[in-house]
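Just below is one structure, and these are the notes that go with it.
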Amino acid sequence: MKDQLSATLATLCAVVHLVAAGTPATAGVIVVTTQSDSNVADAVCSIREALHAAANDISPYQGCIGAIGDDLILVPSGLYLLVGTLVVQTNGQDVTLAGASIPYPRLNFGLASNLLDVQAGSGAGEVTIQQLQLEGGRTSIRLLDETKLVVEDSALLDATTYGIDVQNTVAALPPAQPHVSLDGVIIDGIAFAGPNQEGVGLRVAAGPGDGQELLIRDSTIVDCEIQGVEIAGDTEVTIEYSMIASNGDQVAGGANGAGIGQIEGDLTVRRTVIEGNQGNIGGIEYDVGFGVLELEDVALIGNQGSSGGGARIFSAFAELDRVVVSDNENAGLGGGLTINEGIVTVRDTLVRRNAARGVNGRGGGVAIAGGEVQLPRVSVVANTAGERGGGIYKFSSDTAYLTNVTLSGNESDLDGAGLYVDVGAVSLDSVTIAANRADADDDGTGEGGGVFVAGGAAVSTTNSVVGDNLRGAARGALTDDCSGVLSSNGYNLVATTVGCTISVTVGDATGVPTGLGPRGWLAGAASLGHVPQPGSAALDTGSPSCPAVDQRGLTRPFDGDGAGGAQCDKGAVESHGDLFFDGFEDGDTSAWSSTSS
């Protein structure tokens, strides 16, 4: 009697919780009372019987009792071993299948078929899956038509093909709302079991559906053997506050976008970590000629590929804001970012410790193969290339614009450790290129530690600093700031011009030390750079028409030498009297330690 009372109270609490969470108060409630997968005339109600009763407005049906209309099916905790696909059919109404207690009920399906098939039947409605753990099967949830699918606070584990498969078979889709919405969902361990068994966490298939919406929020998609998210149908995708990690298990021959791969529709990703994915393209592949890509407050970390590490972009329009691109790796072109086409802006972004490895390794941090590219307020630091362009490698006919950018600590085994321009033009405005190293393998081949400009390419520079760059090993290395021709628009500081040609004009200084401080974290920004030190030839000697802010967003000009009369500094970072490089001036003492004698 006591156990029955506890079960009843748990069910009532679940109803109150689900109604508060948004389930219609008028919904009929059907309570599952057996873990067996039965569909026979008896006194108990199985999940399969409850779904049949909800779809057909039958009450009572077998042992299930409910109301006519929208239905809430409550499933108590326990292990439910299923022997056939469960069909969730709306027939013009809404159906919610929800766990009634903690721990969440486990729906386990070990056979080579789908666990849940969601479909409209005689009329589209909305299906909500809440607080369930779906285990095994070929596909955890398959959406067959225009029915709206909402999955909340659930786990989809160990299927052999897809976690969620959106079939995209009809053109008439729900307007103004996401067709598929995930909130608080874990998709984990989707395996590749053989031919036509894909190992993908979530797929939207190619089909007639036009302009549908997919929302993934506060969710985790991990350890899928081939790919985390695959978008082949025309879909507007939004991913927020989520993690897509450790998907794909092979670099050569793996997925184009082991984290996210999209070939139709727009993609927006906000406040999300995309980490440790492995494929032909490791993190993100966005290949939509007329699409819009937006990344905001995103971390692309530790992804690996054979044709692109962190992300590869083919897009009509792309904006990356406040993105961390770190520790990604590729066996060729583009360790961090590869930009192939479109109007692309990368802003307030850190590109750090990425690698383009091998004898054809080019563009350890960023590879620009096409498009109109703008990089305002970007740090490109400590990246490596097996051949050329440790920081940035450019080989497209378009012009790339770098403003308030630091290229520092990058290395290449051959030429152009900071910046290598093979084809086309690059415009530098208030850029610092310092402490980069060409010929990092010290085999005697390689030059242009800071900048290498190939014949036929063009680099114009304004209000910039190029200095303290090297070629060769750390011991006995030679100073080597530039190779090729630099076209000056004035107010530049080039420490050493041996190996390159620069047309000196108003405000230029050559053959003088830079006087830059060591590379460090800049106060007030998640950014790395070099601040001009007292007495630096870059301090208060810059262009009167420099950008209104510097790399970290602080106002220009500022009277950095204290002599009165503010004038811009040369380079990416404007000195505001900085003394420290670790945030101490903002009250962050975490990098400081005390010692006692």
Whether the side chain of [X] engages the backbone of [Y] through a donor-acceptor N/O pair (distance < 3.5 Å, no angle test) should be reported.
X: S412; Y: G390; value: no
X: N328; Y: N303; value: yes
X: D442; Y: G472; value: no
X: N469; Y: I433; value: yes
X: D439; Y: G444; value: yes
X: D188; Y: D223; value: no
X: N280; Y: S306; value: no
X: Q533; Y: V531; value: yes
X: E574; Y: D569; value: yes
X: H576; Y: T555; value: yes

For this session: Name all residues meeting the disulfide bond (SG atoms under 2.5 Å apart) criterion together with C224; count only those two or more places apart in sequence or in a different chain, and write none if there are none.
Result: none
Please report the interatomic distance [atom1]([X]) to [atom2]([Y]), rounded to the nearest 0.5 Å.
X: N247; Y: N277; atom1: CG; atom2: CG; value: 5.0 Å
X: L414; Y: D441; atom1: CG; atom2: CG; value: 8.0 Å
X: T445; Y: E387; atom1: OG1; atom2: CD; value: 10.0 Å
X: L554; Y: L522; atom1: CG; atom2: CG; value: 8.5 Å
X: E236; Y: E264; atom1: CD; atom2: CD; value: 13.5 Å
X: I284; Y: I239; atom1: CD1; atom2: CD1; value: 7.5 Å

Student check: side-chain heavy atoms of [X] and [Y] closer than 4.5 Å:
X: C482; Y: V494; answer: yes
X: V229; Y: I244; answer: yes
X: I368; Y: I392; answer: yes
X: V465; Y: L516; answer: yes
X: L375; Y: T403; answer: no
X: V237; Y: Q262; answer: yes
X: V200; Y: E225; answer: no
X: R352; Y: L528; answer: yes

I'd like a table of donor-acceptor pairs (distance under 3.5 Å, sequence neighbours excluded) in which one partner is a side-chain atom from residues 286-296, with atom names and distances.
residue : atom : partner : partner atom : Å
Y286    : OH   : G265    : O            : 2.7
Y286    : OH   : V292    : N            : 3.1
Y286    : OH   : V292    : O            : 3.2

For this session: Identify the residue among L337, V378, V298 that makes a side chain to side chain contact (heavy atoms under 4.5 Å, CB included) with L320.
Result: L337
Exercise. Pick from L215, D266, L267: which one makes a side chain to side chain contact (heavy atoms under 4.5 Å, CB included) with T238?
Worked result: L215
Excluding sequence neighbours, so at least two apart, what forms salt bridge (Lys or Arg N to Asp or Glu O under 4.0 Å) with [X]?
X: D480; answer: R471
X: D413; answer: none
X: R347; answer: E319, D321

For this session: Output yes when E329 and R357 qualify as a salt bridge under the 4.0 Å nitrogen-oxygen rule, no when they do not.
Result: yes
For this session: For the pair E275 and S246, evaluate side chain to side chain contact (heavy atoms under 4.5 Å, CB included) and give the outcome as yes or no after the intermediate values.
Result: CA-CA 7 Å; E275 180 176 7; S246 302; over 6 Å; no
Just by distance, no angles: are the side chains of [X] and [Y] close enough, under 3.5 Å, to form a donor-acceptor pair?
X: D422; Y: Y393; answer: yes
X: T406; Y: Q551; answer: yes
X: T462; Y: D429; answer: no
X: S219; Y: S242; answer: no
X: N463; Y: S543; answer: no
X: S483; Y: E447; answer: yes
X: T514; Y: D468; answer: yes
X: K570; Y: S464; answer: no

Please report the closest heavy-atom contact between [X] and [Y], naming both atoms and the distance.
X: A385; Y: G363; answer: CB-N, 4.3 Å
X: N354; Y: N383; answer: N-OD1, 2.8 Å
X: V549; Y: R556; answer: O-NE, 3.4 Å
X: F558; Y: D540; answer: O-OD1, 3.1 Å
X: P547; Y: S430; answer: CD-OG, 3.1 Å
X: S536; Y: G515; answer: CB-O, 3.3 Å

For this session: I would like to know whether T399 and V426 meet side chain to side chain contact (heavy atoms under 4.5 Å, CB included); could you show each step before the answer?
Result: CA-CA 5 Å; T399 299; V426 172; over 6 Å; no
Problem set entry | side-chain hydrogen bond (donor to acceptor under 3.5 Å, both in side chains) involving D550 - partner list, sequence neighbours excluded | R552
Problem set entry | From CA spacing to verdict: side chain to side chain contact (heavy atoms under 4.5 Å, CB included), V366, V351 | CA-CA 8 Å; V366 182; V351 182; 4.2 Å; yes
Exercise. Does the pair V459 and L428 meet the rule for a side chain to side chain contact (heavy atoms under 4.5 Å, CB included), with working shown?
Worked result: CA-CA 7 Å; V459 172; L428 307 178; 3.8 Å; yes
Problem set entry | T510, T461, D508, T505 screened by side-chain hydrogen bond (donor to acceptor under 3.5 Å, both in side chains) with S488, the one that passes | D508
Exercise. Between R322 and D348, is a salt bridge (Lys or Arg N to Asp or Glu O under 4.0 Å) present by the stated rule, with each step listed?
Worked result: CA-CA 5 Å; R322 299 177 302 280; D348 296 318; 5.3 Å; no
